[in-house]
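Reckoned from all heavy atoms, side chains included, excluding hydrogens, waters and symmetry mates.
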Amino acid sequence: MQSKPLIKRFPSLLITFLCGILAGILTRLTDFFRAETLWSFSSVATLFGFWILSVAVIVLLSSSNRSAGIGSFLYMFGMTLSFYALQYVLGRFLPRFHNEGFKTGLFLLYSALSVGCGIGAFVLFYWNKNIKANAVLYAMPVGALLAETIATAVFLIYRSLFLFQFLLDLSAAVALGILFYKRSKSKPVYFVSLCLITAAVYCVIYRPFLPL
């Protein structure tokens, strides 16, 4: 009897892991597009918007803190595994992927970050609690997306880059922002937290790299 819940969870966790594998393959293949263009499709692999959105969706679809944490870890680890494995394979045949062997150091680094994403997802699931503090948790992914939206807008204006990433981040921020605003127990706390998180993430992570 105790094993039934685990068996029921296994298919969904396996699907989540396979989705991560697919995401890693697709984002690796964006390297076939030139980075220094208006659309900059390859930015989806190097910037954070797509991954923030992915983890937020996994948490929304999860039934518990544990499933959110494990699911997010498996998704991000699957992405990391396929991303660097495909780079190694393509590097053996295509010069543009610079065959330098399997990048073990980066693989281990991003595998560790996958654990961090799992922990973050575990914590974010508490936004389902009927408390005012859930507004702060709801504001976190939206604030991070808005910060990257601002940063990509600056690059778009000054360098004519990252149009695809800008549209992706903006769309995700608006969609999640409206959804989480409706769900948050305290609208004022949500709004203030959103402003503070956006400003903090923008200044700490993005501002030093902007062409201003």
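- Grouping Ile, Leu, Val, Met, Phe, Trp and Tyr by side-chain contacts under 4.5 Å, direct or through others, puts V192 with L196.
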Enumerate donor-acceptor pairs with a distance under 3.5 Å from any side-chain N or O in residues 69-80 to protein atoms, sequence neighbours excluded.
unit_1	atom_1	unit_2	atom_2	d
S72	OG	A68	O	2.9
Y75	OH	S54	OG	3.1
T80	OG1	M76	O	2.9

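- N65 CG to I119 CD1: the interatomic distance, rounded to the nearest 0.5 Å, is 13.0 Å.
- Note on residues 21-47: pairs passing salt bridge (Lys or Arg N to Asp or Glu O under 4.0 Å), not counting sequence neighbours, are R28-D31.
- Applying the 6.0 Å contact sphere to OH of Y206 captures more than 12 heavy atoms from other residues, nucleotides or ligands.
- Judged as a salt bridge (Lys or Arg N to Asp or Glu O under 4.0 Å), not a single pair has a partner in residues 144-169 (not counting sequence neighbours).
- Using a distance-only test at 3.5 Å, with no hydrogens or angles considered, a donor-acceptor pair links the side chain of Y190 to the main chain of G177.
- Residues L61 and F122 share a hydrophobic cluster, clusters being chains of Ile/Leu/Val/Met/Phe/Trp/Tyr side chains in contact below 4.5 Å.
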Would you be so kind as to tabulate the donor-acceptor pairs closer than 3.5 Å made by side chains of residues 38-48, with sequence neighbours excluded?
unit_1	atom_1	unit_2	atom_2	d
S40	OG	A35	O	3.0
S40	OG	T37	O	2.7
S40	OG	F162	N	3.1
S43	OG	S40	O	2.8
S43	OG	Q165	OE1	3.2
T46	OG1	S43	O	3.3

Under 3.5 Å, sequence neighbours excluded: what are the donor-acceptor pairs made by side chains of residues 132-143?
unit_1	atom_1	unit_2	atom_2	d
N134	OD1	K185	N	3.2
N134	ND2	W127	O	3.0
Y138	OH	W127	O	3.4

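- No donor-acceptor distance shorter than 3.5 angstrom exists from the side chain of T198 to the backbone of C195, with no hydrogens or angles considered.
- Within the 3.5 Å criterion, the main-chain N or O of Q87 finds no donor-acceptor partner in the side chain of K103.
- The OG1 atom of T104 lies 12.5 Å from the CG atom of L109; values are rounded to the nearest 0.5 Å.
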